[in-house]
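Heads up, the thing below is written out as structure tokens.
In each ligand, atom 1 is the first atom listed, and ligand 1 is the first ligand listed.
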Amino acid sequence: MDAAPDTDAMAGESVVVIGGGFGGLSTACYLADAGADVTLLEKNEQLGGRASRLEAEGFRFDMGPSWYLMPDVFERFFGHFDRSPEEYYTLTHLDPHYRVFWKDGDRVDVLLDMEHNRELFEAYEPGAGDALDAYLEEAERTYEIGMEHFVYEDRPRLRDYVDRDVLRYSWGLSLLGKMQGHVEGYFDHPKLQQLMQYTLVFLGGSPTNTPALYNLMSHVDFNMGVYYPDGGLGAVVDGIVELAEELGVEFVVDAEVTGIEGRYGAFAVDTVGGDRHLADVVVSNADYAHTEQELLPERKRQYTEEYWESRTYAPSAFLLYLGVEGDVPELAHHTLVLPTRWEEHFARIFDDPAWPEDPAYYLCVPSKTDETVAPDGHSNLFALVPIAPGLEDTPELREEYREVVLDDIAENTGTELRDRIVFEETFCVEDFADRYNSYDGSALGLAHTLRQTSLFRPPHRSNAVDGLYFTGATTTPGIGVPMCLISGGLTAERIADTIPDS
Ligand SMILES: Cc1cc2nc3c(=O)[nH]c(=O)nc-3n(C[C@H](O)[C@H](O)[C@H](O)COP(=O)(O)OP(=O)(O)OC[C@H]3O[C@@H](n4cnc5c(N)ncnc54)[C@H](O)[C@@H]3O)c2cc1C
């Protein structure tokens with residue numbers, strides 16, 4: 001299934017899309033391609049949502065996503081419009097995929113070369129090379145079945161699951177257990193378990209709250225590989241915006257929506273500047289809770305404030321963008337620094353929220369691959385520490401935490417940065433809330449716990465307002481750039497299928 005409406009299915013319909021993240025951009029493309037007259041209103045000065053760019057003093061930082069994973073999803077997205085990603089941006093296959101430092105001095109590289117990876121696993125635990133093969137074989141099967149039958153196909157009702165596919169593939173039964181137990185079934189060594197579980201940070205979950213079906217992320221990471229679009233993830237945003245313009249989408253930036261009135265065929269969408277946009281259909285890619293709680297009157301909301309308060313949110317993040325003199329030879333393009341007390345890291349996010357004393361973090365150095373992101377002789381680097389959403393975030397706390405992170409980088413990767421920093425900026429809980437209207441300052445939205453996966457995520461179609469739809473990471477399939485692109489197709493398909501009964 002293509003997860004997109006047929007050409008001309010939307011002819012004659014006018015649509016306002018609120019928010020220019022990947023979900024909003026994707027929905028706009030599909031709807032314009034299906035004949036709708038689409039206007040996209042974005043609050044901020046640039047498009048891309050969490051994939052915004054920060055440019056200063058010759059450095060260009062991707063502020064959010066930096067891993068280009070699941071290249072097949074991008075190919076399928078552009079393919080729907082008879083285009084290919086290469087027409088819009090160039091990809092480099094990264095090797096190593098990433099480097100891992102543990103804080104006991106140990107360090108490994110996960111490479112493109114699977115023989116190397118097998119030997120790496122074997123070195124930690126006899127038999128782990130074969131276990132890796134078996135694990136990845138299952139992850140591949142999960143990916144293939146999962147993508148075709150559960151990701152590209154929207155199943156908003158329970159009865160959509162009680163059908164032949166679930167029975168035929170016996171899919172979803174053992175994989176509904178927790179990731180922790182699943183990985184322990186294959187590997188005993190805690191470091192190998194961590195290598196298979198770190199990908200959960202992409203989903204905003206922990207090994208004890210995320211279902212094992214997300215083992216598919218290891219297929220994504222080991223088998224499919226890690227790519228870098230030249231110019232950074234911002235180049236992908238530019239590519240999709242260019243495609244949307246070719247399809248006729250009109251963009252308005254600096255246009256924060258302040259209210260949505262009306263219903264199918266007669267919507268009025270107001271923005272801060274006092275402009276009013278009329279439309280037959282409205283799609284919100286803005287944070288779901290923000291859209292319902294702030295932009296709609298109470299009687300038109302599907303959920304109460306208590307509902308949003310009771311959800312499990314993916315982490316927020318402390319981000320430190322650094323322009324640095326010279327090279328950072330110890331680091332790879334993608335580097336993870338993992339604490340030996342792994343459980344404590346997740347507890348600080350999900351169970352007992354606090355700024356982590358012994359942080360797990362990710363370092364991104366795109367200047368290793370792309371000389372356009374930093375001035376000559378400099379490195380472009382950012383550190384990302386996942387932290388609990390809603391944590392107190394003040395300039396003083398950021399200043400203190402900056403020191404913790406710089407000390408940790410020096411101690412555990414051997415990279416001294418302090419005397420070489422020529423540009424720096426932080427981004428944290430308050431910024432996620434202010435810049436993106438993100439609930440509780442979460443970086444990613446609703447976590448992928450079992451009770452917030454698939455049909456348990458908020459729906460694409462509002463049950464309270466005819467003609468109002470939602471797209472992006474809070475809906476299905478969920479978090480991550482590829483998932484948001486698919487979400488756009490699912491939302492557009494749902495609109496094309498349901499508007500006639502309005
Ligand atoms: C730090 C970080 C690192 C990440 N790393 C990766 C990664 O490496 N790989 C990956 O695949 N994914 C990654 N992700 C996740 C990925 O970026 C997100 O899941 C995805 O970009 C979210 O897209 P979205 O469609 O939900 O929209 P968003 O990006 O949330 O965009 C929503 C848009 O709506 C706008 N908006 C909000 N309110 C209003 C309003 N009232 N009026 C108008 N506009 C409004 C916002 O300004 C925003 O532009 C990362 C995310 C973060 C934050």
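Phe61 has its ring centre no less than 6.0 Å from the ring centre of Phe382.
Using a cut-off of 4.0 Å between Lys/Arg side-chain N and Asp/Glu carboxylate O, Arg461 and Asp466 are scored as salt-bridged. Comment: Glu45 engages Arg435 in a salt bridge, judged by a side-chain N to carboxylate O separation of less than 4.0 angstrom. Note on Glu424 versus Arg398: no salt bridge recorded, every NZ/NE/NH1/NH2 to OD/OE distance being 4.0 Å or above. Taking 4.0 Å as the cut-off between side-chain N and carboxylate O, Glu246 and Arg83 count as a salt-bridged pair. Between Arg311 and Asp440, no side-chain nitrogen of the basic residue sits less than 4.0 Å from a carboxylate oxygen of the acidic one, so the salt-bridge criterion is not met.
Assignment of Met483 to the shell around ligand 1 is not supported, since no heavy atom sits closer than 4.0 Å. For Ala51, the closest heavy-atom approach to ligand 1 does not fall below 4.0 Å. Under a 4.0 Å heavy-atom criterion, Leu69 is not in contact with ligand 1. For the pair Phe432 and ligand 1, a heavy-atom separation below 4.0 Å is found. Residue contact annotation: Pro482 has a non-hydrogen atom under 4.0 Å from ligand 1.
Close contacts between ligand 1 and Asn44 involve ligand atoms 47 (O) [criterion: under 4.0 Å to a heavy atom]. When each atom of ligand 1 is checked for a heavy atom of Leu41 under 4.0 Å away, the hits are 43 (C), 44 (N). Counting atoms of ligand 1 from 1 in the listed order, those under 4.0 Å from a heavy atom of Arg435 are 47 (O). Here is the list of ligand 1 atoms found below 4.0 Å of a heavy atom in Ala286: 34 (O), 36 (N), 37 (C), 38 (N), 39 (C), 45 (C).
Backbone and side-chain nitrogen or oxygen atoms of Leu295 are examined, and none is located within less than 3.5 angstrom of a nitrogen or oxygen of ligand 1.
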